Amino acid sequence: MGSLSQELTLIMCKAFKALGLPTEHARVQISGQGQAAQFQCNGAMACAKIARKNPREIAKNIIDQVNQNTDNKDIFEDISIGGAGFINITLKDTYIATHLKNLIKDVRFGILSVEPNQTIILDYGGPNVAKAMHVGHLRSSIIGDSLRRMCLHAGYEAIGDVHMGDWGTPMGMILSELDLTGFDGEITMEMLAKIYPKASAACKEDKNRMALAREATRKLQDGNNYYTNRWREFIDVSIKGMKNNFDALGVHFDEWKGESDAHPFIKDMIEDLKSKNIAVESEGALIVPVAHDDDKKELPPLILLKSDGAVLYGTTDLATIIERIKSHNPIKIIYVVDQRQALHFEQVFRAARKSSIAPQDSIELIHAGFGTMNGADGKPFKTRDGGVMRLEGLISMAIEKAQIRLDEAALAKDMDDNERDDIANKVAIAALKFADLQNNRSADYIFDIDRMTSFEGKTGPYLLYQTVRIKSLLKKADAQNDIACEELKITNSDRGLALLLSELPDHFDNAMKLYAPHILCDYAFKLAQEFSSFYGNCHILSEKDEILKLSRLALCQQTYKQLSLILNLLGIEIPARM
RNA sequence: GCGCCCUUAGCUCAACUGGAUAGAGCACCUGCCUUCUAAGCAGGGGGUUACAGGUUCGAUUCCUGUAGGGCGUACCA
């Protein structure tokens, strides 16, 4: 089963077909707000344009055709022409009730599952070894993790890979810095946090210092034993630090691979590309030209080897595709990386196509880029002292605020410290995640710390609150199991919620298609709002009409389930109470 | 220079990909806790969708131009 609008689209398709009209215009959508109808189909106007006929006349023909079909006699309360040729549709309450009963029975709530055994790899997070994670890592991690959950739910085998930056010149900078200081003890996270910025600054200033870093990088990449061991040491320390951050955020990875994992594939890849004449020498470097004749812009080549022989991140990205195809044979790789990398991925993807590393018809390569997190001045976010805000700092700030809120409301009075901390954590993370995810993925957005740690209005905690409230209600009604509801009663007070519940597949499909969690955020918020309004209108537990009471409890339970599902897809955990 | 993206309410964002009267949250104003959690609900004010043209039954959405902003443009990631 699908959503109501999907069902109605099928009905319209039949009618369009019978009339010889193109069925791609038969799509039925939810009516715009302020319209009297529940659904609308705008296809008559599109058809009229092609056939050069009166749109209202075509609309009338379509409606007649629909009405003639006896299959449809119990569906429509009203189907009529509006405005320039809109077909307005309002459903019978009995039809809505039947649909909803099926929806409740369906474990997938109407969302269709894809063909099994299709793997999608998602590349997100992308933290750099030895660098503290900052707020900039928030977007990639949170969006990527949400997309992974969505892919899983759609029925794909989804694999999240953190793809750390663990192989470039920065590694050499650290190794050479360790050499210079002569330190050979145990490396800690605190040390790394100091060593790297120091080394990086020194290299920037001093050419000779940079040469040392490059030399160390080269040795590491050539497999030098001492350097490899040292490197492994601080990689492990670094991963521990990353895991702390990702655990705090509830961001999951199936694989903890990095650029270095592509290294074993690079040599063969380069030989292969050279022999096929796809990789050529230019200005001392080895490049893959990727420009097309019909390009509007000038596209620089992908550089595989620098003139000093070192590899670049385009090289590792290309080799990583080889590695991933070999290990998982995915139908798709989704890169959740800053939009500013668009040109880079264009180059990598083109090189992958050109070299047949990733043939067009067997694997899809998607750069799901996200917009820059800007400060209030509209420029990429920086703290007052010019640095970037540490992720840990942001998280603990949010948690602290949540604890204060709990104490203010005296909600934590009868809780032990564990529960209080647990709730504060969940509320804080929900606030951060939702604040980020509700923004359109590809657009830049303003980082506003007050907004991210706000618990009222269109926020994560609001969604948690509504969800927890339903749960509490169901508990009071003693409805731990599924509510056995023979008859669903749709009244004026229930209709809005019932219709909204049936929209889930529409929004899920759309979110999948556009790799856009914000679509789910928007739907979840609307659902929570609609529920809250319903909750305010109808006192359920004191309802005397037993059938209506049961029917409403079923609606509550379904709302609870759907909100839980969406929150889960967004990577937001629900506390037992709040 | 060239290319890509952005400009919607005081602020932060939506708008189901060309549909009807552009929606939310915050902030501001008015009500509502003696029946299910007030992190809530009901209501109010606030818009020339940057500007000027064009395409068409119909444009925030598509095209052209202008202004403002961001980003990217061969050996950093």
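In what follows, chains are A, B, ... by sequence order, proteins preceding strands, each numbered from 1. On a predicted model such as this, the values are computed, not experimentally measured, just so you know.
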Practice problem: Between A/Asn374 and A/Met210, just flag the one whose closest nucleotide in RNA chain B comes earlier from the 5' side. | Solution: A/Asn374

Quiz item: For A/Leu312, which contact category applies under a 4.0 Å heavy-atom criterion: base, sugar-phosphate, or nothing?
Solution: sugar-phosphate

Self-check item: For B/G31, the Watson-Crick or wobble partner whose two distances fall under 3.5 Å
Solution: B/C41

Quiz item: Under 4.0 Å between a side-chain N/O of A/Ser472 and OP1 or OP2 of B/U37, yes or no?
Solution: yes

Quiz item: So what does A/Ile446 hit on the nucleic acid, given a heavy-atom distance under 4.0 Å: a base, only sugar-phosphate, or nothing?
Solution: sugar-phosphate

Practice problem: Determine if A/Phe86 stacks with B/A20; use a centre-to-centre distance below 5.5 Å and an interplanar angle below 30° as the criteria. | Solution: yes

Practice problem: Pick base, sugar-phosphate or nothing for A/Asp448, based on heavy-atom distances below 4.0 Å to the nucleic acid. | Solution: nothing

Quiz item: What integer number of Å spans the C1' atoms of B/U49 and B/C33?
Solution: 40 Å

Self-check item: Donor-acceptor pair present, A/Tyr465 side chain and B/A39 base, under 3.5 Å
Solution: no

Quiz item: Can you find a donor-acceptor pair, distance only, under 3.5 Å between A/Asp450 side chain and B/A27 base?
Solution: no

Quiz prompt | Trace of the salt bridge (Lys or Arg N to Asp or Glu O under 4.0 Å) decision for A/Glu408 with A/Lys401 | solution = CA-CA 10 Å; A/Glu408 263 174 13; A/Lys401 242 181 123 177; over 6 Å; no

Quiz item: Which nucleotide, in any strand shown, forms a Watson-Crick or G-U wobble pair with B/G46, with both distances under 3.5 Å?
Solution: none

Quiz item: Side chain of A/Gln438, base of B/A14: donor and acceptor closer than 3.5 Å?
Solution: no

Quiz prompt | Complementary nucleotide of B/C4, counting Watson-Crick and G-U pairs under 3.5 Å | solution = B/G70

Quiz item: Taking only side-chain nitrogens and oxygens of A/Arg469, does any of them come within less than 4.0 Å of OP1 or OP2 of B/A39?
Solution: no

Self-check item: Polar side-chain contact A/Thr459-B/A39 base: donor and acceptor under 3.5 Å
Solution: no

Practice problem: Report the distance from atom CD1 of A/Ile174 to atom P of B/C76, rounded to the nearest whole Å. | Solution: 17 Å

Quiz item: In whole angstroms, how far is the P atom of B/G25 from the CG atom of A/Asn440?
Solution: 20 Å

Quiz item: Looking across every strand, which nucleic acid part, if any, lies under 4.0 Å from A/Gln339 by heavy atom: base, sugar-phosphate, or nothing?
Solution: nothing

Quiz item: At under 4.0 Å between heavy atoms, what does A/Gly457 touch on the DNA or RNA strands: base, sugar-phosphate, or nothing?
Solution: sugar-phosphate

Quiz item: OP1 or OP2 of B/A39 sitting under 4.0 Å from any side-chain N/O of A/Arg405?
Solution: yes

Exercise. Please measure how far the P atom in B/U55 lies from the corresponding atom in B/G69, and state the result in whole Å.
Key: 32 Å

Exercise. First locate atom CG of A/Leu175, then atom CZ of A/Phe234, and finally report the distance between them rounded to the nearest 0.5 Å.
Key: 4.5 Å

Quiz prompt | Euclidean distance for C1', B/U7 against B/U48 (whole angstrom) | solution = 15 Å

Quiz item: Is the distance from OP1 or OP2 of B/C41 to the nearest side-chain N or O of A/Tyr462 less than 4.0 Å?
Solution: yes

Self-check item: P spacing across the pair B/U8 / B/A15, given as an integer number of angstrom
Solution: 14 Å

Quiz item: Which base, if any, makes a Watson-Crick or G-U wobble pair with B/G53, both distances under 3.5 Å?
Solution: B/C63

Self-check item: Residue list, ring pair (Phe, Tyr, Trp, His ring centres under 6.0 Å) with A/His518, at least two apart or on another chain
Solution: none

Quiz item: How is A/Asn54 classified with respect to the nucleic acid when contacts are heavy atoms under 4.0 Å: base, sugar-phosphate, or nothing?
Solution: nothing

Exercise. Starting from the 5' end of RNA chain B, give me the residue, A/Phe39 or A/Ser532, whose nearest nucleotide shows up first.
Key: A/Phe39

Exercise. Rounded off to whole Å, could you give me the NZ-to-P distance for the A/Lys458 and B/C13 pair?
Key: 12 Å

Self-check item: A/Gln29 CD - B/G19 P separation (whole Å)
Solution: 7 Å

Self-check item: Span that lies between the P atom of B/C26 and that of B/A42, in whole angstrom
Solution: 12 Å

Quiz item: Thinking salt bridges, do A/Glu573 and A/Lys433 make one under a 4.0 Å N-O criterion?
Solution: no

Practice problem: Pick base, sugar-phosphate or nothing for A/Gln466, based on heavy-atom distances below 4.0 Å to the nucleic acid. | Solution: sugar-phosphate

Quiz item: Looking only at side-chain N and O atoms, does A/Tyr535 come under 4.0 Å of OP1 or OP2 in B/U37?
Solution: yes

Self-check item: Who pairs with B/G58 - Watson-Crick or G-U, where each distance is under 3.5 Å
Solution: none

Self-check item: Donor-acceptor contact present, side-chain A/Arg218 to main-chain A/Gly172, <3.5 Å
Solution: no

Quiz prompt | Separation of B/U34 P from A/His539 NE2 (nearest whole Å) | solution = 13 Å

Self-check item: A/Arg441 charged N/C atom sitting above A/Tyr515 aromatic ring, 6.0 Å / 45°
Solution: no

Quiz prompt | Under 5.5 Å and under 30°: A/His507 stacked on B/C16 | solution = no

Quiz item: For A/Lys401 and B/A39, what is the distance between atoms NZ and P respectively, to the nearest whole Å?
Solution: 16 Å

Self-check item: N or O in side chain of A/Lys471 less than 4.0 angstrom from B/U37 OP1/OP2
Solution: no

Quiz prompt | Pairing partner of B/C36 (Watson-Crick or G-U wobble, both distances under 3.5 Å) | solution = none

Quiz item: With a 4.0 Å cut-off on heavy atoms, is A/Leu299 in touch with a base, just the backbone sugar-phosphate, or nothing at all?
Solution: nothing

Quiz item: If you measure from the P atom in B/C28 to the same atom in B/A67, how many Å do you get, rounded?
Solution: 40 Å

Quiz item: Donor-acceptor pair under 3.5 Å: do we get one between A/Lys526's side chain and the base of B/G23?
Solution: no

Quiz item: What does A/Ile303 touch in the nucleic acid at a heavy-atom separation under 4.0 angstrom: a base, only the sugar-phosphate, or nothing?
Solution: base

Quiz item: Taking the same atom, P, in B/C41 and in B/A24, what whole-Å distance lies between them?
Solution: 13 Å

Quiz item: At under 4.0 Å between heavy atoms, what does A/Ala342 touch on the DNA or RNA strands: base, sugar-phosphate, or nothing?
Solution: nothing

Exercise. Looking at every strand, decide which applies to A/Leu514 at a 4.0 Å heavy-atom threshold: base, sugar-phosphate, or nothing.
Key: base

Exercise. Would you indicate, yes or no, if B/C76 has its OP1 or OP2 atom less than 4.0 angstrom from a side-chain nitrogen or oxygen of A/His344?
Key: no

Quiz item: Between atom CG of A/Leu567 and atom OG1 of A/Thr467, what is the distance when rounded to the nearest 0.5 Å?
Solution: 5.0 Å

Self-check item: Pairwise C1' distance, B/G18 and B/C62 [rounded to whole Å]
Solution: 8 Å

Quiz item: So, do A/Asp317 and A/His344 sit near enough that their side-chain heavy atoms are less than 4.5 Å apart?
Solution: yes

Self-check item: Spacing of A/Leu343 atom CG relative to B/C2 atom P, expressed in whole Å
Solution: 17 Å

Quiz item: Is there a Watson-Crick or G-U wobble partner for B/C26 with both distances under 3.5 Å, and which nucleotide is it?
Solution: B/G10

Quiz item: Pick one for B/C33: is it syn, with its angle within 90° of 0, or anti?
Solution: syn

Quiz item: Do the rings of A/Trp231 and A/Trp167 sit parallel, tilted or perpendicular, given the 30° and 60° boundaries?
Solution: perpendicular

Quiz item: NA contact type, A/Glu298, heavy-atom cut-off 4.0 Å: base, sugar-phosphate, or nothing?
Solution: nothing

Quiz prompt | Ring center gap for A/Tyr335 and A/Phe349 short of 6.0 angstrom | solution = yes

Exercise. Mind checking A/Ser542 for me? I need base, sugar-phosphate or nothing, with any heavy atom below 4.0 Å counting as a touch.
Key: base

Quiz item: What nucleic acid atoms does A/Cys538 come within less than 4.0 Å of, heavy atoms only: base, sugar-phosphate, or nothing?
Solution: base

